[in-house]
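These notes are about the structure you will find just below.
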2 protein chains.
Amino acid sequence: MATACEHCPLRRSKLFVEHSPDDTRFMERFKVGELTINPGTPVLMEGSNSPQLFTALRGMGLRYKMLQNGRRQVLNLVFPGDFIGLQAGVMGEMQHSVEASSAMTLCVFDRAGLWNLFRSQPERAFNLTWLAAVEEHFLGESLATVGQRGAMEAMAWALTKIMQRGEALGMVENRAMPLPYRQQDLADALGLSLVHTNKTLAKLRDRQLANWRDGLLIVNDLKELAKLAEMDFAPLPKRPLM
Amino acid sequence: MATACEHCPLRRSKLFVEHSPDDTRFMERFKVGELTINPGTPVLMEGSNSPQLFTALRGMGLRYKMLQNGRRQVLNLVFPGDFIGLQAGVMGEMQHSVEASSAMTLCVFDRAGLWNLFRSQPERAFNLTWLAAVEEHFLGESLATVGQRGAMEAMAWALTKIMQRGEALGMVENRAMPLPYRQQDLADALGLSLVHTNKTLAKLRDRQLANWRDGLLIVNDLKELAKLAEMDFAPLPKRPLM
DNA sequence: CGGTCGATTGACACCTTTCAATACGGGTGG
DNA sequence: CCACCCGTATTGAAAGGTGTCAATCGACCG
């Protein structure tokens with residue numbers, strides 16, 4: 001039984017721009033169904049030309065890219081509210097893969113309806129571009145982190161970003177939030193080796209800055225973690241929800 | 001004397017999606033002027049809320065982001081045909097800075113006209129989103145390079161990409177193209193130190209794979225360079241020109 | 001209970017960074 | 001016209017952060 005957009009749980013988060021009744025009506029029509037998948041299930045593969053687009057409704061996943069040398073770069077983590085497949089929608093095919101890390105529920109949209117959206121809903125079209133710009137912004141920050149920060153700073157940056165996003169989504173209870181990834185995933189996101197990632201996490205635990213174990217991330221003093229990362233600790237910018 | 005869109009020199013390149021007469025007519029109205037600047041001149045600053053958007057018409061520049069620790073990450077190089085300022089256009093303010101590396105000529109657009117574009121030119125709006133997706137794709141590749149490739153591979157990747165782009169734009173003559181950057185710029189783009197960048201370039205010269213001196217990049221065998229980078233050597237995807 | 005996957009640890013090798021010094025060309029003021 | 005300064009490019013040597021290799025451990029599963 002699909003969730004009605006009108007009652008979409010994501011709309012409770014202040015992270016997203018509010019929908020007008022008209023927006024909701026349109027999305028209700030744009031949405032063609034719901035998809036529930038298990039951890040490890042691929043959603044979109046690089047090179048694929050999927051006829052469908054998604055919005056993560058529940059659960060978490062990751063976007064990644066494989067290189068010829070066998071190494072993997074995780075581009076970012078997929079959280080509830082993230083739009084998946086825009087690249088395929090406008091460029092023709094995906095340039096990276098997406099897969100679920102926890103159980104996920106996805107809203108499914110028909111790619112063919114995209115053109116209709118641009119023609120009849122300029123505001124929604126604008127929002128799509130906005131979403132693309134938000135992604136671009138985040139990738140830029142990630143690039144700066146991987147390129148210019150050391151392992152400890154980078155990890156602190158990543159965990160801070162994750163915690164911030166988790167808070168905005170209401171996933172944090174008692175300074176803890178679910179984080180259903182493997183250390184290898186974070187390693188591949190930050191361009192670090194698995195071993196070094198493990199040791200870096202151990203240090204953060206020793207320093208009592210962040211404790212990530214058994215899929216649960218606990219951060220007592222987010223400000224302190226952000227300071228270690230030498231990052232601007234600004235509130236997340238609002239973003240549209242498709 | 002501003003260049004008429006109809007006679008835009010960029011339209012000769014096969015890199016860009018062709019304009020319909022209607023497109024050209026619209027762009028002619030959307031374009032409010034032309035800007036010529038000297039090397040080193042900033043175009044947009046991080047945090048700025050510029051009322052203007054640009055398309056690079058001639059010359060080259062770079063986008064970058066400064067970190068609190070004083071280090072700089074170059075996000076990508078700006079080549080003719082690149083659109084500048086989309087982030088400010090949709091998100092409100094720039095998340096990175098842009099400056100000229102060579103003398104540049106920019107087409108200037110009025111940000112206020114953006115909304116009109118979305119409302120009355122769905123096809124152009126679609127192209128804007130397309131452009132954002134192209135940027136996202138490139139940033140993803142850069143992230144993968146900085147995160148997962150060694151210095152030599154990374155440099156080979158960068159020079160290959162540059163040469164490819166240069167070829168598509170008709171900037172390559174006799175296997176050589178202008179590349180008006182400092183070694184520090186490439187270093188900041190790849191997350192390498194200046195010294196190591198210098199030594200890596202020296203090795204590429206020794207191996208006769210790439211020779212970049214005095215603002216001129218010479219590559220005799222692009223295939224060979226791409227092989228060293230272990231990259232997929234696919235032709236650049238077409239992109240829209242605003 | 002053997003087998004697999006993810007997390008941990010210790011030791012060591014090595015790629016990059018940092019530190020320093022020199023070289024070279026262009027611009028400027030004496 | 002030349003000395004001087006500054007930005008960029010080069011090089012050598014040493015320090016250090018990360019990666020790789022290997023082995024162990026705990027949890028889960030058929």
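Everything quoted here is computed from the prediction, not taken from an experiment. Letters A, B, ... mirror the listed sequences (proteins, then strands); counts begin at 1. Values reported hereafter were calculated over all heavy atoms of this structure, with side chains retained and with hydrogens, waters and symmetry mates removed.
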Discussion item. Less than 4.0 angstrom from a charged side-chain N to a carboxylate O is my criterion; do B:E141 and B:K161 meet it?
Written reply: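 A salt bridge is present here (some side-chain N lies under 4.0 Å from a carboxylate O).
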Discussion item. Salt bridge check, B:R165 against B:D82: does any charged N sit closer than 4.0 Å to a carboxylate O?
Written reply: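 Looking at B:D82 and B:R165, the cut-off is met.
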Fill in: Residues in salt bridge (charged side-chain N to carboxylate O under 4.0 Å, His left out) contact with A:K227, at least two apart in sequence or another chain
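Counting only residues at least two positions away or on another chain, A:K227 forms a salt bridge (charged side-chain N to carboxylate O under 4.0 Å, His left out) with A:E224.
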Not counting sequence neighbours, which residues clear side chain to side chain donor-acceptor pair (under 3.5 Å) with [X]? List them please.
X      : result
B:Q95  : A:H137
A:E93  : none
A:E230 : none
A:T145 : A:R149

Discussion item. By the 4.0 Å heavy-atom rule, please label A:G40 as base, sugar-phosphate, or nothing.
Written reply: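 Contact class for A:G40: none.
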Worksheet item: At under 4.0 Å between heavy atoms, what does B:G215 touch on the DNA or RNA strands: base, sugar-phosphate, or nothing?
Response: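 Counting heavy atoms under 4.0 Å across all strands, no contact is made by B:G215.
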Review item, side-chain donor-acceptor pairs of residues 52-63 of chain B, under 3.5 Å, at least two apart:
unit_1 : atom_1 : unit_2 : atom_2 : d
B:T55  : OG1    : B:M242 : O      : 3.0
B:R63  : NE     : B:N76  : OD1    : 2.9
B:R63  : NH2    : B:F83  : O      : 3.3

To the nearest Å, give me how far apart [atom1] ([X]) and [atom2] ([N]) are.
X      : N      : atom1 : atom2 : result
A:D185 : C:dC5  : CG    : C1'   : 13 Å
B:L204 : D:dT10 : CG    : C1'   : 16 Å
B:R182 : D:dG7  : CZ    : C1'   : 9 Å
B:N69  : C:dT17 : CG    : C1'   : 14 Å
B:L190 : C:dT16 : CG    : C1'   : 13 Å
A:R149 : C:dT17 : CZ    : P     : 17 Å
A:L186 : C:dG6  : CG    : P     : 14 Å
A:L216 : C:dA7  : CG    : P     : 14 Å

Practice prompt. Using the test ring pair (Phe, Tyr, Trp, His ring centres under 6.0 Å), find all partners of A:F109 that sit at least two apart in sequence or belong to another chain.
Written response: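 Ring pair (Phe, Tyr, Trp, His ring centres under 6.0 Å) check on A:F109 returns A:F30.
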Fill in: Pairs involving residues 170-183 of chain A, ordered by first then second residue, that meet side chain to side chain donor-acceptor pair (under 3.5 Å) (sequence neighbours left out)
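Passing the test, one end in residues 170-183 of chain A: A:R182-A:D185, A:Q183-A:N198.
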Discussion item. Checking B:S13 now: which residues fulfil side-chain contact (heavy atoms from CB on, under 4.5 Å) with it, not counting sequence neighbours?
Written reply: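 side-chain contact (heavy atoms from CB on, under 4.5 Å) check on B:S13 returns B:L15, B:F16, B:L169.
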What N/O pairs connect the protein and nucleotides 8-15 of chain C at under 3.5 Å? Give each pair on its own line.
unit_1 : atom_1 : unit_2 : atom_2 : d
C:dT8  : OP1    : A:R205 : NH2    : 3.2
C:dT8  : OP2    : A:Q183 : NE2    : 2.4
C:dT8  : OP2    : A:N198 : ND2    : 3.1
C:dG10 : N7     : A:K199 : NZ     : 3.1
C:dA11 : N6     : A:K199 : NZ     : 3.4

Worksheet entry | Difference in axis direction between the ends of the helix from C:dC1-D:dG30 to C:dG30-D:dC1, five pairs, 10° |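 Here the local axes at opposite ends form an angle of 30°.
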Discussion item. What does the B/S/- profile of nucleotides 23-30 of chain D look like, 5' to 3', with a 4.0 Å heavy-atom cutoff to protein?
Written reply: --------
